[in-house]
Number of protein chains: 2
Amino acid sequence: MPHRDESVETIQQEMTAFARRARATAARMHPELSLVSYTLLAHLDDQQGCRATDLAAHYLLDKSTVSRQIAALEKLGFVERRVDPEDQRVQVLHPTEKGAQVLANVTASRRQAFHERLADWDEDDLNRFATYLRRYNAAQERLG
Amino acid sequence: MPHRDESVETIQQEMTAFARRARATAARMHPELSLVSYTLLAHLDDQQGCRATDLAAHYLLDKSTVSRQIAALEKLGFVERRVDPEDQRVQVLHPTEKGAQVLANVTASRRQAFHERLADWDEDDLNRFATYLRRYNAAQERLG
DNA sequence: AATCCACGTTGTACTATACAACTACCTCTA
DNA sequence: TAGAGGTAGTTGTATAGTACAACGTGGATT
């Protein structure tokens, strides 16, 4: 059984390796929707629409970044804006039919990739791994 | 106990969330050395020097990307090049004294951050989490 | 020697990102 | 109710990271 420090070291190394690779892998697998666009579109779908500001706050992105990402998604016809009648400043963002479709495709294909990677894991291990990841991310959010 | 699919779904979500955040977090914590530069420099340190081509192959980066990263590290005085006397085309890259110093600092501070995030984990959980991450990354390397 | 291959650099282009300045609009207060 | 101040979003500008293609130089093979 390795000492605590060794495990932490491994976790650090593996998380770093993963982070380094993730975007490129995602981009290779889904040229039509980057990791960030995917995430934003998924959030819109999940929340049944929200504001650019909410996306920025939720994902710790600058509002200008979100503005441009959304502009790109709109240009692709994946997102539409509906001005809030209550407050003319606000645009509520929604996936379009087409956007929802693409999102569904990418989600399915991502899900399949994960299933393949995890195919030979048994159910207990999967469950524990999922729990650990949630715990780790929660701690990271808490501590910055 | 969640079903297999739910665990996979959680793993996917959490890995994605982590990947999205990682670079920005690293950049905030260590403005002096990006996640990529850090990784490259650490590899040089670890391997006691290697070629740009080796870095590119190991990290799946284009050689031009590595070339520019190394150029930047050299400009900062963190890396030096030694032309291989056996083959004039080859430059063996090494961290400088200064580079090794900075690397050590960043490593220490990253390690501390991980220790903080994982402070309230018990030893068994840490060990299992480390094992799972290694296994996951190995599978990802295998399957692309 | 001629050809081919390996190593690295440079030109070019694109994406993601931040910060700052700006416009338009809302809200609150004197 | 007019002005002050705050909020939502866009645009200008700059930077980092990345890839691909074209190239130069030097080693290896035939």
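The chains referred to below are lettered A, B, ... by the order of the sequence lines, with proteins before strands, and numbering in each begins at 1.
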**Student:** Counting the atoms with a prime plus P, OP1 and OP2 as sugar-phosphate, which does A:Leu60 contact under 4.0 Å by heavy atoms, base, sugar-phosphate, or nothing?
**Tutor:** sugar-phosphate

**Student:** Nearest-Å distance, CG (A:Asp84) to C1' (C:dC26)?
**Tutor:** 12 Å

**Student:** What's the angle between the local helix axes at either end of the helix from C:dA1-D:dT30 to C:dA30-D:dT1, using five pairs per end and rounding to 10 degrees?
**Tutor:** 0°

**Student:** Near DNA chain C, counting only heavy atoms under 4.0 Å, which residues of residues 46-53 of chain B show up?
**Tutor:** B:Arg51, B:Ala52, B:Thr53

**Student:** I'd like to check the salt bridge (charged side-chain N to carboxylate O under 4.0 Å, His left out) partners of A:Glu9; sequence neighbours left out, ordered by chain and number.
**Tutor:** B:Arg111

**Student:** Does the side chain of B:Arg20 pick up a donor-acceptor pair with the side chain of A:Tyr59 at under 3.5 Å?
**Tutor:** no

**Student:** Can you list everything that forms a side chain to side chain contact (heavy atoms under 4.5 Å, CB included) with A:Glu32? Sequence neighbours excluded, please.
**Tutor:** A:His30, A:Val102, A:Val106

**Student:** May I ask you to decide if A:Tyr132's main-chain N or O and B:Arg128's side chain share a donor-acceptor pair within less than 3.5 Å?
**Tutor:** no

**Student:** What is the distance, to the nearest angstrom, from the CD atom on B:Gln91 to the C1' atom on C:dA6?
**Tutor:** 13 Å

**Student:** Would you jot down, in residue-number order, the residues of residues 68-80 of chain B having a non-hydrogen atom under 4.0 Å from DNA chain C?
**Tutor:** B:Arg68

**Student:** Who pairs with B:Asp84 by salt bridge (charged side-chain N to carboxylate O under 4.0 Å, His left out), at least two apart in sequence or on another chain?
**Tutor:** none

**Student:** Among all residues two or more places apart in sequence or in another chain, which pass the salt bridge (charged side-chain N to carboxylate O under 4.0 Å, His left out) test with B:Arg68?
**Tutor:** none

**Student:** With a 4.5 Å cut-off on side-chain heavy atoms, are B:Gln101 and B:Phe78 touching?
**Tutor:** no

**Student:** Grab the CG-P distance between A:Asp62 and C:dA21 for me, whole Å please.
**Tutor:** 14 Å

**Student:** Report the residue (A:Ala24 or A:Arg81) whose heavy-atom-nearest nucleotide on DNA chain D is the more 5′ of the two.
**Tutor:** A:Arg81

**Student:** Can a donor-acceptor pair be found between the side chains of A:Tyr38 and B:Thr16 at a distance below 3.5 Å?
**Tutor:** no

**Student:** Tell me whether the OP1 or OP2 atom of C:dA18 has a side-chain N or O from B:Arg23 closer than 4.0 Å.
**Tutor:** no

**Student:** Short of 4.0 Å, heavy atom to strand atom, which residues of residues 30-38 of chain A count as contacting DNA chain C?
**Tutor:** A:Ser34, A:Val36

**Student:** If the condition is ring-ring contact (aromatic ring centres under 6.0 Å, His included), which residues does B:His3 pass it with, not counting sequence neighbours?
**Tutor:** none

**Student:** Mind listing the N/O atom pairs, protein and nucleotides 23-26 of chain D, below 3.5 Å?
**Tutor:**
from, atom 1, to, atom 2, distance (Å)
D:dG26, N2, B:Arg89, NH1, 2.9

**Student:** How many whole angstroms separate atom CG of B:Leu61 from atom P of D:dA16?
**Tutor:** 17 Å

**Student:** In this structure, how many angstroms lie between the P atom of C:dA18 and the CG atom of A:Leu55, rounded?
**Tutor:** 13 Å

**Student:** Running the 4.5 Å side-chain criterion over Ile, Leu, Val, Met, Phe, Trp and Tyr, what cluster does A:Val92 land in, apart from itself?
**Tutor:** A:Val90

**Student:** State, yes or no, whether a side-chain contact exists between B:Leu55 and B:Cys50 at a heavy-atom distance under 4.5 Å.
**Tutor:** yes

**Student:** Under 4.0 Å from OP1 or OP2 of C:dT9: is there any side-chain N or O of B:Ser67 that close?
**Tutor:** yes

**Student:** What pairs with A:Asp120 under salt bridge (charged side-chain N to carboxylate O under 4.0 Å, His left out), at least two apart in sequence or on another chain?
**Tutor:** B:Arg135

**Student:** Strictly below 4.0 Å: does A:Arg20 bring a side-chain N or O up to OP1 or OP2 of D:dT18?
**Tutor:** no

**Student:** I need the minimum non-hydrogen distance between A:Leu41 and A:Pro95, along with the two atoms involved.
**Tutor:** CD1-CB, 4.0 Å

**Student:** For A:Glu6, is there any backbone N or O sitting under 3.5 Å from a side-chain donor or acceptor partner on A:Thr10?
**Tutor:** yes

**Student:** Over 60° means perpendicular and under 30° means parallel, so classify the ring planes of A:Phe18 and B:Tyr136, tilted if in between.
**Tutor:** perpendicular

**Student:** For C:dA16, does either OP1 or OP2 sit under 4.0 Å from a side-chain N or O belonging to A:Thr65?
**Tutor:** no

